[in-house]
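The structure under discussion appears below in the form of structure tokens.
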Amino acid sequence: MKYQELISEYKMHLDIMEFRTEDVLYKAEHGISTTEKFIKLLRQKVLEMGFNNPEEEISFFKHIKPQIFSKLIYYVKLFNIESKRPRSSSKFQIKYLSAHINKLQVYFNDNLDFYHYYRRGATTLDTEYFTRGKTDLRSPTESYHSFVDVYNRKLKNQKEITVFTKIQ
């Protein structure tokens, strides 16, 4: 496959980094930088090669990109959780970690339909889920409305700043 060599090299870099130290923050920081580097390489390769048909595009976004991008999500979450973890008593650490587990569980539950679709190998919605330029089926309409509200607020603030700047 077109991208297998890049993915193998990426996994080798991660394996070396994981065995280098026990320091979780070191692993997270280097995992993020390594993953970002390989995402850029992957993007360059896609731009160079392109997709010959919709099936190739679907295969890339469904099978190839998640092998690297999921690690970026993992290392960013790991870094954010561990860097803010209280260094006090076990009781506070358990409370802190439990709160993060609950947040992750909420996210998982919010995306359960997509998770099941992906895990069972379904293909009926692949064009909607895994091609560029399609509406995100996972985002509820409430998200859209809150996005529009935030955008309108930003636009209004921007106009106010522009008017204020012109007055001065």
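The line from CD1 of Ile81 to CG of Leu97 is 7.5 Å long, rounded to the nearest 0.5 Å. Residue Phe130 holds its CZ atom at 10.5 Å from OG1 of Thr123, rounded to the nearest 0.5 Å. Rounded to the nearest 0.5 angstrom, Ile68 CD1 and Arg43 CZ are separated by 14.0 Å.
Other residues, nucleotides and ligands contribute at most 12 non-hydrogen atoms within 6.0 Å of the CZ atom of Phe19. Counting non-hydrogen atoms of neighbouring residues, nucleotides and ligands closer than 6.0 angstrom, the CG atom of Asp113 reaches no more than 12 such neighbours. Residue Tyr74 places its OH atom among 12 or fewer non-hydrogen atoms of other residues, nucleotides or ligands, all under 6.0 Å distant. Heavy atoms of other residues, nucleotides or ligands lying less than 6.0 angstrom from OH of Tyr26 number more than 12. By the neighbour-count criterion of 12 heavy atoms within 6.0 Å, atom OH of Tyr96 is densely surrounded, having more than that number from other residues, nucleotides or ligands. Heavy atoms from other residues, nucleotides or ligands lying under 6.0 Å from NZ of Lys27 number more than 12.
The closest side-chain heavy-atom distance from Ile64 to Phe60 is below 4.5 Å. Looking at Tyr10 and Gln67, their side chains never come closer than 4.5 Å, going by heavy atoms from C-beta outward. Looking at Asn109 and Gln105, their side chains come closer than 4.5 Å, going by heavy atoms from C-beta outward. Proximity of Leu14 to Tyr75: side-chain heavy atoms (C-beta onward) are separated by under 4.5 Å at one or more points. With a 4.5 Å cut-off on side-chain heavy atoms, Ile7 and Leu42 do not count as touching. Looking at Ile58 and Phe51, their side chains never come closer than 4.5 Å, going by heavy atoms from C-beta outward.
Under a hydrophobic-cluster definition in which Ile, Leu, Val, Met, Phe, Trp and Tyr are linked whenever side-chain heavy atoms come within less than 4.5 Å, directly or via other members, Ile73 and Phe61 are assigned to the same cluster.
Sorted by first and then second residue, the salt bridge (charged side-chain N to carboxylate O under 4.0 Å, His left out) pairs with a member in residues 58-67 read Lys62-Asp126; sequence neighbours excluded.
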*Would you sort out whether Lys103 and His100 count as a side-chain contact (heavy atoms from CB on, under 4.5 Å), showing the intermediate values?*
CA-CA 5 Å; Lys103 287 179 188 177; His100 279 285; 4.3 Å; yes
*Take Phe69 and Ile39 through the side-chain contact (heavy atoms from CB on, under 4.5 Å) test and state the conclusion after the steps.*
CA-CA 7 Å; Phe69 197 74; Ile39 285 174; 3.8 Å; yes
_Test side-chain contact (heavy atoms from CB on, under 4.5 Å) applied to Leu112 and His116, step by step_ = CA-CA 6 Å; Leu112 198 55; His116 286 302; 3.5 Å; yes
*Where do Asn111 and Tyr115 land on the side-chain contact (heavy atoms from CB on, under 4.5 Å) test, with the steps shown first?*
CA-CA 6 Å; Asn111 293 282; Tyr115 174 79; 5.6 Å; no
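Formation of a donor-acceptor pair under 3.5 Å by the Ser33 side chain with backbone atoms of His30 is found in this model. Side-chain atoms of Gln93 come within 3.5 Å of backbone atoms of Ser88 as a donor-acceptor pair (strictly under, hydrogens ignored). Judged purely by atom type and a 3.5 angstrom limit, Ser98 uses its side chain to pair as donor or acceptor with the backbone of Ile94.
Heavy atoms only, all atoms of each residue included: Leu25 and Phe79 are closest at CD2-CD1, 3.8 Å.
Every residue two or more places apart in sequence or in another chain that forms a side-chain contact (heavy atoms from CB on, under 4.5 Å) with Ile16 is listed here: Met12, Arg20. Under the salt bridge (charged side-chain N to carboxylate O under 4.0 Å, His left out) criterion, Glu56 pairs with Lys2, sequence neighbours left out.
Comment: Arg85 engages Glu82 in a salt bridge, judged by a side-chain N to carboxylate O separation of less than 4.0 angstrom.
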